[in-house]
Amino acid sequence: MAHNNTPLTEEEKKLFGDLMPDELDEVIQTGLKRRHFLKLVSLASAGLLASHLIGAEQLFARAVDVDVDVDVEDPPAIAVENGVNVSFRVNSINKKVLIDSRMTLLDTLRERLELTGSKKGCDHGQCGACTVIVDGNRVLSCLTLAASCEGKSVITIEGLAKDNELNPMQDAFLKHDGFQCGYCTPGQICSAVALMKEAKEGQASYLTQNIRNQQGSIILSDEEIAERMSGNICRCGAYPNIVAAIKEAQTGKDIEQTWLFAG
């Protein structure tokens, strides 16, 4: 953490002298430190800086110089209750993170790895917004313990594009407007990508006909797609567009956009 040794202005000295007299000599001798700004923030939240606006503004402006970027390290093991180290590949990058053994994969991705594309919707495994791909299979990350992913490969929405080139499913969603508010979209796309693998492997769904005679990949009908995507809820109701996007991504053929107009 860098320190700012620029001499205090008269307004700043008055601020420290009135509100933080115990800190004044230290600041003059060694310069401003991060903890001084933290105390100022607490004073600001208590409304005690109103009479020292000029000095406070000057000090807060110095925060740009004081608060330099540093690498965020894992908290010490003693600070994590039931702490375990988990090593896995996330979007083709090896990761090792110290977490509470009860922490979900979703919270680990969002809070520890800063991959916020996966959304927390219901947090009960009912909406599908948190869907990610683990070892090629779609999972609900809000119901999956991160510790259970030891040694596995996790793909999130951030990992689908390669070298700034969108995944074909992402392209299809854009073309067919397979989203409105976009909150469910990361889970929808991850689920759809995994669905393609399931169909290619011939995995059956409730609507699959002639299961015993099924060999090889399955060409998905609209009904099949809707059935297989039923765990992903779109509150905006973009379902027809989502189905069209998945169908085009699977077949590689242009799917006509159909619009229903009132009247």
Side-chain angles (χ1 to χ4, degrees), residues 88-92 105-106 109 117-119 121-122 124-146 148-163 165-179 184-234 237-258:
F88 50 1
R89 283 181 71 79
V90 181
N91 298 332
S92 301
L105 177 58
L106 176 61
L109 292 171
S118 303
K119 303 306 182 189
C122 65
H124 286 79
Q126 297 176 345
C127 72
C130 68
T131 303
V132 299
I133 304 171
V134 177
D135 283 352
N137 301 310
R138 46 184 167 164
V139 303
L140 298 169
S141 60
C142 75
L143 297 184
T144 303
L145 289 177
S148 70
C149 296
E150 173 72 28
K152 297 182 178 180
S153 172
V154 178
I155 302 296
T156 70
I157 189 67
E158 291 93 341
L160 291 179
K162 301 297 182 184
D163 298 324
E165 183 175 344
L166 292 179
N167 182 283
M169 190 65 70
Q170 292 173 304
D171 272 331
F173 265 69
L174 285 171
K175 175 181 176 181
H176 289 276
D177 295 325
F179 51 86
C184 73
T185 306
Q188 296 275 5
I189 293 178
C190 284
S191 188
V193 169
L195 179 155
M196 300 274 283
K197 174 177 175 289
E198 296 168 6
K200 185 176 181 179
E201 294 174 349
Q203 296 184 32
S205 77
Y206 176 75
L207 292 180
T208 303
Q209 301 293 323
N210 302 319
I211 295 178
R212 294 183 183 276
N213 298 327
Q214 185 64 50
Q215 295 182 353
S217 62
I218 300 172
I219 300 300
L220 300 174
S221 64
D222 291 1
E223 292 74 18
E224 274 268 18
I225 294 173
E227 166 64 22
R228 291 171 185 261
M229 291 291 293
S230 60
N232 291 81
I233 295 174
C234 174
Y239 297 118
N241 306 29
I242 292 171
V243 170
I246 295 173
K247 196 169 184 179
E248 180 164 315
Q250 190 199 29
T251 63
K253 300 177 181 178
D254 289 337
I255 302 299
E256 182 181 358
Q257 294 176 313
T258 56

Set out, in order, the CA-CA distance, both residues' side-chain angles and the distance that settles side chain to side chain contact (heavy atoms under 4.5 Å, CB included) for V132 and I155, then state yes or no. CA-CA 6 Å; V132 299; I155 302 296; over 6 Å; no

Here the gap from E201 atom CD to M196 atom CE, rounded to the nearest 0.5 Å, amounts to 12.5 Å

Donor-acceptor check, side chain of N241 to backbone of F173, threshold 3.5 angstrom: yes or no? no

Distance-only, no hydrogens or angles: does the Y206 side chain make a donor-acceptor pair with backbone N or O of E227 under 3.5 Å? no

Measuring only between side-chain heavy atoms, which start at C-beta, is S118 closer than 4.5 Å to P186? no

L220 versus L195: any side-chain heavy-atom pair under 4.5 Å? yes

Any Lys/Arg nitrogen of K253 or E248 sitting under 4.0 Å from an Asp/Glu carboxylate oxygen of the other? no

List, one per line, each side-chain donor-acceptor pair under 3.5 Å for residues 135-145, sequence neighbours excluded.
residue: D135; atom: OD1; partner: S153; partner atom: N; Å: 2.9
residue: R138; atom: NE; partner: E198; partner atom: OE2; Å: 2.9
residue: R138; atom: NH1; partner: S191; partner atom: OG; Å: 2.6
residue: R138; atom: NH1; partner: R228; partner atom: O; Å: 3.0
residue: R138; atom: NH2; partner: E198; partner atom: OE1; Å: 3.0
residue: R138; atom: NH2; partner: R228; partner atom: O; Å: 3.1
residue: S141; atom: OG; partner: C130; partner atom: O; Å: 2.6
residue: T144; atom: OG1; partner: L140; partner atom: O; Å: 2.8

Considering residues at least two apart in sequence or located in another chain, which fulfil the salt bridge (charged side-chain N to carboxylate O under 4.0 Å, His left out) criterion with D171? none

What residues form a salt bridge (charged side-chain N to carboxylate O under 4.0 Å, His left out) with E223, not counting sequence neighbours? none

Tell me, yes or no, whether the heavy-atom count around K200 atom NZ, taken from other residues, nucleotides or ligands under 6.0 Å, exceeds 12. no

Where C234 and I242 come nearest, the two heavy atoms and their spacing: CB-CD1, 4.4 Å

What residues, two or more places apart in sequence or in another chain, satisfy side chain to side chain contact (heavy atoms under 4.5 Å, CB included) together with A226? none

Euclidean distance, H176 NE2 relative to I246 CD1, rounded to 0.5 Å: 11.0 Å

Any T156 side-chain heavy atom under 4.5 Å of L160 side chain: no

Residues in side chain to side chain contact (heavy atoms under 4.5 Å, CB included) contact with L174, at least two apart in sequence or another chain: L166, F179

Minimal heavy-atom distance between C184 and A129, with the atoms involved, is CA-CB, 4.4 Å

Separation between CZ (R89) and SG (C149), nearest 0.5 Å, reads 14.5 Å

Do side-chain atoms of Q250 reach the backbone of I218 as a donor and acceptor pair under 3.5 angstrom? yes

Checking S205 against E224: is there a side-chain donor and acceptor pair closer than 3.5 Å? yes

Report the residues that fulfil side chain to side chain contact (heavy atoms under 4.5 Å, CB included) with V243, sequence neighbours left out, ordered by chain and then residue number. D222, I225

Could you measure the distance from the CD atom of Q188 to the CE atom of M169? Nearest 0.5 Å is fine. 11.0 Å

Examine distances only and state if a side-chain atom of N167 and a backbone atom of A161 form a donor-acceptor pair shorter than 3.5 Å. no

Nearest atoms (heavy-atom pairs only) where A249 meets P168: CB-O, 4.5 Å

Can you tell me if E150 uses its side chain to pair, donor with acceptor, with the backbone of F88 under 3.5 Å? no

Check: V193 and I133 side chains under 4.5 Å, non-hydrogen atoms: yes

